[in-house]
2 protein chains.
Amino acid sequence: MTSAEILSSRDIKPSLPRVLIFDYLRQHRTHPTVDEIYSSLSVRMPTLSKTTVYNTVKLLSSAGIIKTITIEEQQARYDACTDLHGHFLCTDCGGVFDFDTSLPDSRLPHGFSVATQEVYYTGTCHHCNKNK
Amino acid sequence: MTSAEILSSRDIKPSLPRVLIFDYLRQHRTHPTVDEIYSSLSVRMPTLSKTTVYNTVKLLSSAGIIKTITIEEQQARYDACTDLHGHFLCTDCGGVFDFDTSLPDSRLPHGFSVATQEVYYTGTCHHCNKNK
DNA sequence: TAATAAATTTGTAATCATTACAAAAGTGAA
DNA sequence: TTCACTTTTGTAATGATTACAAATTTATTA
């Protein structure tokens, strides 16, 4: 399915900025920040505003089309893959990596309804462990 | 064990601000923000600086004595309970609640070493679900 | 104890990600 | 084309966090 089709199916008008941003996230699974999305796309679309990137990732995230990753204090990252998987932050190089994970066996208090589930690990990645 | 003893055992000098902040976190399991810690303690210790609260929670967190919770984009929260448990953010009232969770069965890529593990859920809490 | 060195705390001023907001631009219907 | 509505944009706030240097406290040495 194209990005525009996915947006339309969620009643989000597939404007050019929205399609570009969603496309970018679908093609770059590096969990980019708003800044990285903006810098990359403003080459192709010089009129793009960073505010539009902020607006769009918030729109897509609340529609459940992308995920907001808050593994770092400094800034949010975004992920077009909404399938269940964990995120690993390397505190050496700052990279964020995916890993396979099952859902933990959780006992929520009665009456709680779940919207999103995230598993965040931090540590040192393969590459940074080598350089020691 | 007293807070001062725990700090000492980690080679952190148990100064008054450090003990007060750590004590506060041990007694208030509500996952307070820096602002909440500062506001509460500055009544008893008017000379306390917010910078000291920032410095201290960073110190305690990197020593592994407390946990930094980044479930929200806006600000970090802190938790003196380092036992394994999940955190649930109610997107209606903003409260953060603990819940029991096992470790998910995760397959990390080879060579990755783990320092911290977090399970974050969002949704609606018991109380907010009632008011609907 | 006094003097000195080291560690800690403090207040103020940056930094910087995010949001507010209103004007501008774009889109679609009559 | 005109009008209403949505989206985008740029600028100016906001607000959490950090940098930093001065002030204070604590520890050490003589």
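Sequence lines set the chain letters: A, B, ... in the order given, protein chains first and strands last, and positions in each chain run from 1.
Side-chain proximity of A/Arg18 to the nucleotides D/dT7, D/dA27, D/dT17 is greatest for D/dT7.
The nearest whole Å value for the distance from the CD atom in A/Gln74 to the C1' atom in D/dG15 is 16 Å. The CG atom of B/Asp35 sits 9 Å away from the P atom of D/dT17 (whole-angstrom rounding). Here D/dA23 presents its P atom at 20 Å from CG of B/Leu48, a figure rounded to the nearest Å. Per the geometry, CD belonging to A/Glu72 stands 14 Å off P belonging to D/dT17, to the nearest Å. Atom CD of B/Gln75 is separated from atom P of D/dT17 by 6 Å (rounded to the nearest Å).
Between B/Phe112 and A/Phe97, the gap from one ring centroid to the other is short of 6.0 Å.
Between the CZ atom in A/Arg26 and the CD1 atom in A/Ile21 there is a gap of 14.5 Å [rounded to 0.5 Å].
Ring geometry for B/Tyr121 versus B/Phe99: interplanar angle of 30 to 60°, hence tilted. Using a 30° and 60° split on the angle between ring planes, A/His87 and A/His85 fall in the perpendicular class, above 60°.
Within the 4.0 angstrom heavy-atom criterion, base atoms lie near B/Asn55. Within 4.0 Å (heavy atoms only), B/Ser15 reaches sugar-phosphate atoms of the nucleic acid but no base atom. Here B/Lys13 lies in heavy-atom contact (under 4.0 Å) with sugar-phosphate atoms only.
An OP1 or OP2 oxygen of D/dT8 is reached within less than 4.0 angstrom by no side-chain nitrogen or oxygen of A/Thr47. Neither OP1 nor OP2 of D/dT17 sits under 4.0 Å from any side-chain N or O of B/Lys58. Contact annotation: B/Tyr54 does not reach the phosphate of D/dT18 (side-chain N/O to OP1 or OP2, under 4.0 Å). A close approach under 4.0 Å does not occur between any side-chain nitrogen or oxygen of A/Thr51 and OP1 or OP2 of D/dT9.
Residues B/Gln75 and B/Asp35 fail the side-chain proximity criterion, which asks for heavy atoms closer than 4.5 Å. You'll find the side chain of A/Val114 reaches within 4.5 Å of the side chain of A/Leu108, heavy atoms only.
A side-chain donor-acceptor contact under 3.5 Å links B/Thr122 and A/Thr116.
Think of the region where chain B sits on DNA chain C: with heavy atoms and a 4.0 Å cut, that region ends 5' and 3' at C/dA7 to C/dT18.
Mapped onto DNA chain C by nearest heavy atom, B/Glu73 and B/Thr56 fall at different nucleotides, with B/Thr56 at the one closer to the 5' end.
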